[in-house]
Participant: 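Pasting a structure below so you can have a look.
As the structure is a computational prediction, the values presented were derived from the model and not from experiment.
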Amino acid sequence: MDRMEVDIDPYYSQAEGAGADYGIENFVGVPSTERGSGRTRIFHIFNTLTRERSQAAELTVWDWTGDLRRIQVTDARGKELCFQLLDGHMQHYWDHKYARVLVDVTVPALGYTTVVLSEKEMESYPAYLLENERVSGTFDDYVLENDRIAVTIASDSGRITSLRHKDTGVELVGEEQSAGFTYIETESHTSSAWNIGRYLRELPVDRCLRLERPADGPLRRSVKATWKAADSRIEATYSLDKYQSAVKIEVTADWHGIGGDTVPVLDYRIPLAYRPEDYQYDIPAGSIRRASLHNDVPGLRYGLARRAENPAAILISDSKYGYRGGRQEACTDPHQQLHQSGSLSGEGHPPYYSVVRRLRRGRPEGGADGRGLQPQSLLSALQFPPGHTAA
């Protein structure tokens with residue numbers, strides 16, 4: 001008689017339908033609903049591009065009852081795949097639990113691949129050792145690096161001090177400068193819901209209260225920074241994935257800036273290592289090039305600091321349309337209104353060395369805090385020209 005193995009846990013899982021609205025806060029992103037159950041889960045990953053694509057794909061596994069230390073990931077033929085567990089323990093979302101897993105996959109053009117997540121057999125009796133070092137560490141700058149780019153984050157300020165393409169050695173950030181947020185006090189008289197008032201004082205957000213490394217694995221490396229700006233608190237997670245020519249920055253700002261004699265504004269700036277010829281922005285039905293201007297201008301998704309040779313920098317936002325290109329830097333204002341989705345792939349643009357920013361309005365679980373503006377979320381990335389872009 002043939003023996004059939006049966007998963008004993010399918011009826012103890014609530015995974016069917018879990019995560020219906022997870023990952024699409026404010027209608028931005030992709031939902032992570034799962035219909036699986038038990039300890040063996042099957043995922044289909046689709047590629048909508050007309051070329052083969054390799055990427056570290058993030059899976060959200062709901063209400064899994066197995067041992068996270070014994071996870072294994074294979075393809076449809078049973079070949080083991082490289083993976084990285086992002087959560088050391090199950091996370092809570094409404095009345096469900098979840099864990100996130102990165103998987104190294106290659107998907108054919110306009111096709112899909114199948115990934116199977118399961119619990120492997122125990123290979124040896126587990127021994128739990130105290131592995132924490134009892135020595136004082138050093139506080140050097142953090143470096144996020146893969147085969148394509150290297151990103152340096154200052155240990156004192158938590159700001160990006162270098163964005164370098166490894167093959168060409170091209171540097172984006174200006175010497176002795178750093179990319180990050182700026183706290184701006186503007187004139188109350190010239191400020192409104194539609195206009196940013198005259199700048200009175202500009203202060204870099206560099207009071208970094210905490211700096212840590214949430215992930216450091218073969219598929220993703222990340223650094224999380226926390227700043228204090230006046231009465232507001234800003235958290236940013238820099239992450240760099242395998243195959244990716246982009247460093248992403250996901251930011252949550254607990255913003256308490258209230259207008260009075262002055263109106264506080266927060267923007268994000270990249271001081272450039274070159275002087276652009278002009279700036280290009282996308283507009284309805286096309287794009288427009290503008291000269292350097294010390295004022296905000298509209299762009300549906302991006303602002304590109306053009307130059308004739310070598311890679312150029314670009315800022316892309318999915319929901320904020322105010323850009324300012326001038327004085328050898330490019331910035332975008334998170335508190336501008338309107339919403340617009342942006343692209344992280346850079347497809348369709350001329351060759352460039354880009355910093356991509358996606359910005360969406362966030363809301364903490366349980367609702368708004370009732371003080372000041374709603375917290376914000378920011379996703380930022382660095383990309384390179386075709387031939388170097390992430391797949």
Side-chain angles (χ1 to χ4, degrees), residues 2-49 52-123 126 214-215 217-220 222 237 239 241-244 248 250 344 365 379 391:
D2 294 335
R3 180 182 176 184
M4 181 177 65
E5 295 185 1
V6 179
D7 195 330
I8 63 174
D9 289 308
Y11 299 106
Y12 296 97
S13 172
Q14 304 175 44
E16 292 90 342
D21 61 347
Y22 175 84
I24 53 171
E25 293 84 358
N26 295 289
F27 309 105
V28 175
V30 179
S32 298
T33 308
E34 187 186 352
R35 305 292 177 182
S37 62
R39 299 187 185 183
T40 300
R41 306 291 176 88
I42 298 176
F43 299 86
H44 298 300
I45 301 174
F46 295 85
N47 178 14
T48 59
L49 301 182
E52 184 179 81
R53 183 177 185 177
S54 296
Q55 185 172 319
E58 182 175 313
L59 308 178
T60 304
V61 187
W62 292 94
D63 298 320
W64 198 67
T65 58
D67 187 344
L68 293 178
R69 296 166 297 185
R70 293 163 55 191
I71 281 181
Q72 66 176 0
V73 181
T74 64
D75 62 14
R77 294 182 174 85
K79 178 183 177 181
E80 291 192 8
L81 301 176
C82 178
F83 73 93
Q84 180 180 338
L85 185 65
L86 295 180
D87 300 307
H89 59 276
M90 301 297 286
Q91 307 295 307
H92 181 77
Y93 183 80
W94 288 79
D95 196 26
H96 293 275
K97 303 287 186 180
Y98 71 90
R100 297 167 301 149
V101 181
L102 284 177
V103 182
D104 189 350
V105 295
T106 298
V107 188
L110 300 175
Y112 74 94
T113 189
T114 299
V115 172
V116 180
L117 183 146
S118 59
E119 183 182 48
K120 63 182 178 182
E121 295 292 333
M122 185 178 294
E123 299 175 348
L219 300 181
R220 175 175 296 175
S222 62
T237 301
S239 62
D241 289 358
K242 183 180 180 181
Y243 304 117
Q244 192 175 59
K248 299 179 181 178
E250 186 174 357
L344 285 179
E365 187 172 345
L379 178 62

Participant: Should the pair Arg69-Asp67 be classified as a salt bridge under the 4.0 Å nitrogen-to-oxygen rule?
Facilitator: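 Yes, this pair counts.
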Participant: How long is the straight-line distance from OG1 of Thr113 back to CZ of Phe43, given to the nearest 0.5 Å?
Facilitator: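 Answer for the CZ-OG1 pair, Phe43 versus Thr113, is 13.5 Å.
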Participant: About how many Å separate CG of Leu117 and CZ of Phe83, when rounded to the nearest 0.5 Å?
Facilitator: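 One gets 7.5 Å once the value is rounded to the nearest 0.5 Å.
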Participant: As an exercise, state the distance from CZ of Arg53 to CD1 of Ile45, rounded to the nearest 0.5 Å.
Facilitator: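 It comes to 10.5 Å.
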Participant: For Pro108, is there any backbone N or O sitting under 3.5 Å from a side-chain donor or acceptor partner on Asn47?
Facilitator: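 Checked: pair present.
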Participant: In a check of side chain to side chain contact (heavy atoms under 4.5 Å, CB included) between Leu59 and each of Val103, Val105, Leu102, which one passes?
Facilitator: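 Per the side chain to side chain contact (heavy atoms under 4.5 Å, CB included) rule, the option paired with Leu59 is Val103, out of Val103, Val105, Leu102.
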Participant: Let me see the working for Thr114 and Asp75 under side chain to side chain contact (heavy atoms under 4.5 Å, CB included), right down to the final yes or no.
Facilitator: CA-CA 6 Å; Thr114 299; Asp75 62 14; over 6 Å; no
Participant: Locate the shortest heavy-atom distance separating Gly88 from Leu68; write the atom from each residue and the value.
Facilitator: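 Closest heavy-atom pair between Gly88 and Leu68: O-CD1, 3.9 Å.
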Participant: May I ask you to check whether Ser54 and Thr106 show a side-chain donor-acceptor distance below 3.5 Å?
Facilitator: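 There is such a pair between these side chains.
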Participant: Which atoms form the tightest heavy-atom contact between Pro218 and Cys82, and what is the distance?
Facilitator: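 Minimum heavy-atom contact is CG-SG, 4.0 Å.
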Participant: Could you please spell out the steps behind the side chain to side chain contact (heavy atoms under 4.5 Å, CB included) verdict for Ile42 and Val115?
Facilitator: CA-CA 6 Å; Ile42 298 176; Val115 172; over 6 Å; no
Participant: Do Gln91 and Lys97 pass the side chain to side chain contact (heavy atoms under 4.5 Å, CB included) test, and can you show the C-alpha distance, the side-chain angles, and the key distance before you say yes or no?
Facilitator: CA-CA 5 Å; Gln91 307 295 307; Lys97 303 287 186 180; over 6 Å; no
Participant: Give me the atom names and distance for the closest heavy-atom approach of Ala18 to His96.
Facilitator: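 Taking Ala18 first and His96 second, the nearest heavy atoms are CB-ND1, 3.6 Å.
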Participant: Evaluate side chain to side chain contact (heavy atoms under 4.5 Å, CB included) for Val116 paired with Thr40, printing each intermediate quantity in order.
Facilitator: CA-CA 7 Å; Val116 180; Thr40 300; 3.9 Å; yes
Participant: Taking side chain as C-beta onward, heavy atoms only, is Thr74 less than 4.5 Å from Lys79?
Facilitator: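 Thr74 does not reach Lys79 side chain to side chain.
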Participant: Is a donor on one side and an acceptor on the other found under 3.5 Å between the side chain of Gln84 and the backbone of Arg220?
Facilitator: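 Yes; at least one donor-acceptor contact below 3.5 Å.
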Participant: Has the side chain of Arg41 got a donor or acceptor atom that lies under 3.5 Å from a matching backbone atom of Trp62?
Facilitator: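 Checking the backbone N and O of Trp62 against the side chain of Arg41, a donor-acceptor pair under 3.5 Å is found.
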Participant: Where do Tyr98 and Trp64 land on the ring pair (Phe, Tyr, Trp, His ring centres under 6.0 Å) test, with the steps shown first?
Facilitator: CA-CA 7 Å; Tyr98 71 90; Trp64 198 67; over 10 Å; no
Participant: For the pair Asp87 (side chain) and Met90 (backbone), establish whether a donor and an acceptor sit closer than 3.5 Å, ignoring hydrogens and angles.
Facilitator: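 Not confirmed, Asp87 side chain does not pair with Met90 backbone.
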Participant: Quick one: does Glu58's side chain get under 4.5 Å of Leu86's, heavy atoms only?
Facilitator: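 A side-chain contact exists here, since the closest heavy-atom pair is under 4.5 Å.
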Participant: Looking only at atom types and distance, does a side-chain atom of Glu119 sit under 3.5 Å from a main-chain N or O of Ile71, one as donor and one as acceptor?
Facilitator: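 A pair under 3.5 Å: no.
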Participant: If you measure from OH on Tyr112 to NE2 on His44, what distance do you get to the nearest 0.5 Å?
Facilitator: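 It comes to 6.0 Å.
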Participant: Quick one: do the Gln72 and Ser118 side chains pair a donor with an acceptor below 3.5 Å?
Facilitator: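 Gln72 vs Ser118: donor-acceptor pair found between side chains.
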